[in-house]
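What follows is one structure encoded as structure tokens, with my remarks underneath.
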Amino acid sequence: MDALIYKRKWPAFLFLLPALVFLLLFLYYPFFRNIVDSFFNIPQLGASAGEFIGVENYLKIIPGLETTDPNMMTAVKNTLLLMLCTIVFQVGIALVLALLVDSVKRGSQVFRTLFFFPIVVSATALGLLFNLLLMTRGPINQIIENLGGEAIIFREQFTFLTLAFPVIWQYVGFYFVLLVTGLNNISEDIREAAAIDGAVGLKRVRYITLPLLRNVLITCLTLSITGALKVFDMPWVMFPPYFSDAYLTGTYMYYQTFEKGNVDYAAAIAVFIVLLGVLLSQASKLIFREKDY
């Protein structure tokens, strides 16, 4: 009976069909429609496509041209810099925490819960929280003034740092969980054999742990690259639209769509974000190839 079920393909197709239809209607059609819309003039959100304008919107994204949009260049620069920070600090701090927790024999579950907790909280709520902490008369500035210093206008004086720190802090726990899972999959026999050969402490981390975590680290690297391109809600809550120095590609695309009504230009930005994500993730896979141990 079981063999007969596997020979019949139509039941599987029947169950897959609703999911396929859903993806076609709400994922693939909007995606390809967005590409088409980027080549036409769309006067406002919800309006039908107007005259064909070709690659005019894409010329605003290419640097070094007279038509280049300086705000878009700022958004790209901030996004790439944030991407670098997520790779170095998010994954880096998560790796250090995972290695430390892995060496704890009792109470490690408490640390896992505490480090993972920020992901559970809404990014919008965290954005409002950091707004309260970093406001001119907020608790951080009150501490600085009580110590004899002058109040800091964080959003103007340290724009990118104010933007990047909450994003990095929130997702450290996500990569921490991935890395801890990878550490748990390392066989205890390998660790014992390494200890017998004298590989303990930092030597074990360098010659045993990191090589065996290579594939997990590559996965974290790919996720951090694509994740930096998708950052939106927290920066949008923390910085009003007129803070042009704080634009990211995602927030600038939203600004062009709903604040300025440049739907066709926002469609071109969306296509650029997808292409950038695909190119960078594929480049990372080529540079850091996964290995089987």
Side-chain angles (χ1 to χ4, degrees), residues 78-79 81-134 138-140 154 160-188 190-191 201-202 204-206 208-239 248-251 277 280-281 284-285 288 290 293:
N78 287 341
T79 301
L81 189 56
L82 180 63
M83 192 179 298
L84 179 62
C85 289
T86 56
I87 293 172
V88 174
F89 295 106
Q90 274 187 350
V91 180
I93 294 174
L95 177 61
V96 173
L97 293 177
L99 292 173
L100 292 174
V101 170
D102 186 58
S103 63
V104 175
K105 301 302 180 183
R106 300 177 62 180
S108 61
Q109 193 62 40
V110 176
F111 291 102
R112 297 182 187 187
T113 304
L114 291 175
F115 294 149
F116 186 74
F117 178 74
I119 303 177
V120 180
V121 183
S122 166
T124 304
L126 289 176
L128 293 174
L129 173 64
F130 276 96
N131 269 346
L132 293 174
L133 289 174
L134 300 175
I140 294 179
F154 287 95
F160 182 78
L161 183 61
T162 306
L163 166 75
F165 178 78
V167 176
I168 294 171
W169 174 79
Q170 183 186 14
Y171 285 97
V172 165
F174 173 73
Y175 298 107
F176 165 78
V177 170
L178 293 180
L179 292 168
V180 165
T181 304
L183 288 171
N184 291 338
N185 290 332
I186 298 177
S187 174
E188 194 64 32
I190 297 177
R191 301 188 185 193
L202 293 178
R204 188 178 74 173
V205 172
R206 179 181 177 183
I208 304 297
T209 305
L210 291 181
L212 293 178
L213 273 180
R214 178 186 175 89
N215 293 346
V216 179
L217 286 170
I218 292 173
T219 300
C220 292
L221 176 64
T222 304
L223 291 175
S224 64
I225 290 173
T226 57
L229 291 170
K230 296 187 294 182
V231 173
F232 167 76
D233 37 10
M234 192 183 297
W236 184 260
V237 171
M238 294 185 65
F239 291 89
L248 298 172
T249 51
T251 57
L280 291 177
S281 60
S284 67
K285 288 182 179 180
F288 304 101
E290 294 186 356
Y293 293 95

Using ring pair (Phe, Tyr, Trp, His ring centres under 6.0 Å) as the criterion, list what pairs up with Phe174, not counting sequence neighbours.
-> none
Out of curiosity, Ile87 CD1 to Leu82 CG, how far, rounded to the nearest 0.5 Å?
-> 10.0 Å
What are the two closest non-hydrogen atoms of Pro211 and Arg206, and how far apart are they?
-> CD-O, 3.3 Å
Value for OG (Ser122) from CG (Leu129), rounded to nearest 0.5 Å, stands at 11.5 Å
Atom CG of Leu163 and atom CG of Leu81: how far apart are they, to the nearest 0.5 Å?
-> 9.5 Å
Determine whether Leu95 and Leu210 make a side-chain contact, defined as any pair of heavy atoms from C-beta on separated by less than 4.5 Å.
-> yes
In Å and rounded to the nearest 0.5 Å, what is the OG to CD1 distance from Ser281 to Ile218?
-> 13.0 Å
So do Leu179 and Leu217 actually touch side chain to side chain, heavy atoms under 4.5 Å?
-> yes
Rounded to the nearest 0.5 Å, what separation is found between the CZ atom of Phe130 and the OG1 atom of Thr162?
-> 10.5 Å
Expected list for residues 226-233: side-chain donor-acceptor pairs under 3.5 angstrom, two or more places apart:
unit_1, atom_1, unit_2, atom_2, d
Thr226, OG1, Thr222, O, 3.2
Thr226, OG1, Leu223, O, 3.2

Considering all heavy atoms, the nearest Cys85-Phe160 contact = SG-CE2, 4.0 Å
Non-hydrogen atoms of Phe89 and Ile168 that approach each other most closely | CB-CG2, 3.9 Å
Might you point out which heavy atoms bring Ile225 and Ser284 nearest each other, and give the distance in Å?
-> CD1-CB, 3.9 Å
Looking at side-chain heavy atoms only, is the closest gap between Val180 and Phe115 below 4.5 Å?
-> no
Pairwise distance OG1(Thr124) to CE(Met234) - rounded to 0.5 angstrom = 8.5 Å
Crowding at CZ, Phe239 (>12 non-hydrogen neighbours, <6.0 Å) | yes
Does the side chain of Leu221 come within less than 4.5 Å of Val91's, by heavy atoms?
-> no
Taking all atoms of both residues into account, what is the closest heavy-atom pair of Cys220 and Tyr175, and its distance?
-> O-CE2, 3.5 Å
If you look at every heavy atom in Val237 and Leu128, which pair is closest and at what distance?
-> CG1-CD2, 3.6 Å
Any pair with a residue in residues 82-102 that passes side chain to side chain donor-acceptor pair (under 3.5 Å), sequence neighbours left out, goes on the list, sorted by first then second residue, please.
-> Asp102-Arg191
